[in-house]
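These notes are about the structure you will find just below.
Just so we're on the same page: letters track the sequence lines, and every chain starts at 1.
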Number of protein chains: 2
Amino acid sequence: MHATLRPGDPPLSRSVEDYLKAIYHLSSQGGFASTSDIAAMLEVAPPSVSGMVKRLSETGLIEHVPYRGVQLSPQGRRAALRMIRRHRILELYLTQQLDYDWDGVHAEAERLEHAVSDELIERMAGSLGQPRYDPHGDPIPTAAGEIEEADLVTIADAAVGAKLELRQVGTQDSARLRYFATQGLTPGVLLTVADRQPFNGPTTIALVPSGDRRVLGRELARLLLCSEVPVQEHGHADR
Amino acid sequence: MHATLRPGDPPLSRSVEDYLKAIYHLSSQGGFASTSDIAAMLEVAPPSVSGMVKRLSETGLIEHVPYRGVQLSPQGRRAALRMIRRHRILELYLTQQLDYDWDGVHAEAERLEHAVSDELIERMAGSLGQPRYDPHGDPIPTAAGEIEEADLVTIADAAVGAKLELRQVGTQDSARLRYFATQGLTPGVLLTVADRQPFNGPTTIALVPSGDRRVLGRELARLLLCSEVPVQEHGHADR
DNA sequence: TCTGCAGATTAGGCTAATCTAATCTGGACG
DNA sequence: CGTCCAGATTAGATTAGCCTAATCTGCAGA
């Protein structure tokens, strides 16, 4: 009965795409996404999820362990990553080309991601220079369906002397986002942990090209998520 | 029972938007759009149209005269023009900013027009300089829901000496479209009818800024739809 | 005037997705 | 080892759209 999805089958419905995305996000950390978590994320009733889960596992997009939860199959994962690519490229395009701000952009992308063609997404990606991160610093999956593994450290946890690239600001609070922005702390910035006081004291960081220093309380330092920068970057020549 | 639509009601569904657009196009010439014409345009079976017509007239978006056809109510007309504005701005944006060609653009706009927000459309319109015509030369309704009345003449019918602005090329044939493009005959060009041979002979036109002349057989002349240009343009200061 | 037929409508079903209410179950805890 | 309950599932109804098959109606032509 596993009606494995074949190329040329009818496209997934908007609903199905939303379920797959939700399952991707919920199961990215632990192994299984639970019915009630999916229901909460999509704002539907739990029985609606049970029904959809049945259909999705019949088409082979997910694996369902009754009373435990679901996981994406390789097919489902591919479909979810395609949606995430669309979403993130749309967010980036709207902010960069049409002057949207970070706040307004999510809802718009949420609707458009179901309507755009692959061609349009690739044209947008092209006009943005094949970007690798969205405006929130999240990695954009490739058209082939690969996504960079996060492996992020907060500045509060990074070793003194570590060379880091700021990748995400872990808050939605717009006052804080603005504050970080005034300090030049936006995704993409390169920095080094210059010093850290023990016992929850502040962390001092240096911005790498300029050498400017910033002092951050432990609470703020915990919000800045970074990737370690290899000593010698081996040439990615994009933007 | 006429549950007249109020602001703040749920948005129209994709289907409803498509029906309204189809009815607008079909009733723009004669008064009524017939069930079977709507069915043909939307590629659905006639009974599906009857069902939708019932729902639409209950919400006051159309007037239905049984066995005769339907017309848009003022509400329905407003909704239809909103969709047409979206469609035409999307087509223009995709061709101008993302390098789509005339052919590829229609299907993309057809899907996106249901998903974009009013805000996005106005941002696109802004970045295009509040354009008045789409890439096919069709007028773009304003955000307030007004549309310029066509009143177009083919070059074959225009009086000798008439000053015209080329507005549409009345064919989908891409060889012909390319030919006209090589002759500089694309929407927006200003021209004058310089001479016409009687008995289905050719028409000679002069392109107005350059003075270049083109000779067109009657068949081709019939494809070029123009608006008459008033002797003294009274200042519209856009592009 | 009558008749026939093209085109419109009604009748009746199907599917996808949702909901509420009822029922089931796995695992935590006494 | 048994009970209980949070969370999952099943049951059954609803809605929007679509379909085919059957029926109806206005009008064109004899």
| request: Using a 4.0 Å heavy-atom cut-off across all strands, classify Ser50(A) as base, sugar-phosphate, or nothing. | output: base
| Derivation and outcome, side-chain hydrogen bond (donor to acceptor under 3.5 Å, both in side chains), residues His87(A) and Asp134(A) | CA-CA 9 Å; His87(A) 185 93; Asp134(A) 79 0; over 6 Å; no
| remark: Assign each of Arg14(A) and Val53(B) the nucleotide of DNA chain C bearing its closest heavy atom; nearer the 5' end lies the nucleotide of Val53(B)
| query | Of the nucleotides dA11(D), dA17(C), dC24(D), which one has an atom closest to the side chain of Tyr67(B)? | reply | dC24(D)
| task | Please check the phosphate of dT18(C) (OP1 and OP2 only) for any side-chain N or O of Ser15(A) closer than 4.0 Å. | result | yes
| task | Can you figure out which of dT18(C), dA8(C), dT9(D) approaches the side chain of Ser36(B) most closely? | result | dA8(C)
| message | So which atom in Lys21(A) and which in Ile84(A) form the shortest heavy-atom distance, rounded to 0.1 Å? | response | CG-CG1, 4.0 Å
| Hey, does Ser48(A) reach any base, or is it just sugar-phosphate, or nothing, if we go heavy atoms under 4.0 Å? | base
| field | dA8(C) phosphate, OP1 or OP2, under 4.0 Å from His64(B) side-chain N/O | value | no
| Given Glu148(A) and Tyr133(A), is the side-chain hydrogen bond (donor to acceptor under 3.5 Å, both in side chains) satisfied, shown in steps? | CA-CA 10 Å; Glu148(A) 182 180 307; Tyr133(A) 303 100; 2.8 Å; yes
| query | Touch check for Arg68(B), heavy atoms < 4.0 angstrom, all strands: base, sugar-phosphate only, or nothing? | reply | nothing
| task | Take Glu108(B) and Ser117(A) through the side-chain hydrogen bond (donor to acceptor under 3.5 Å, both in side chains) test and state the conclusion after the steps. | result | CA-CA 7 Å; Glu108(B) 191 81 50; Ser117(A) 66; 2.4 Å; yes
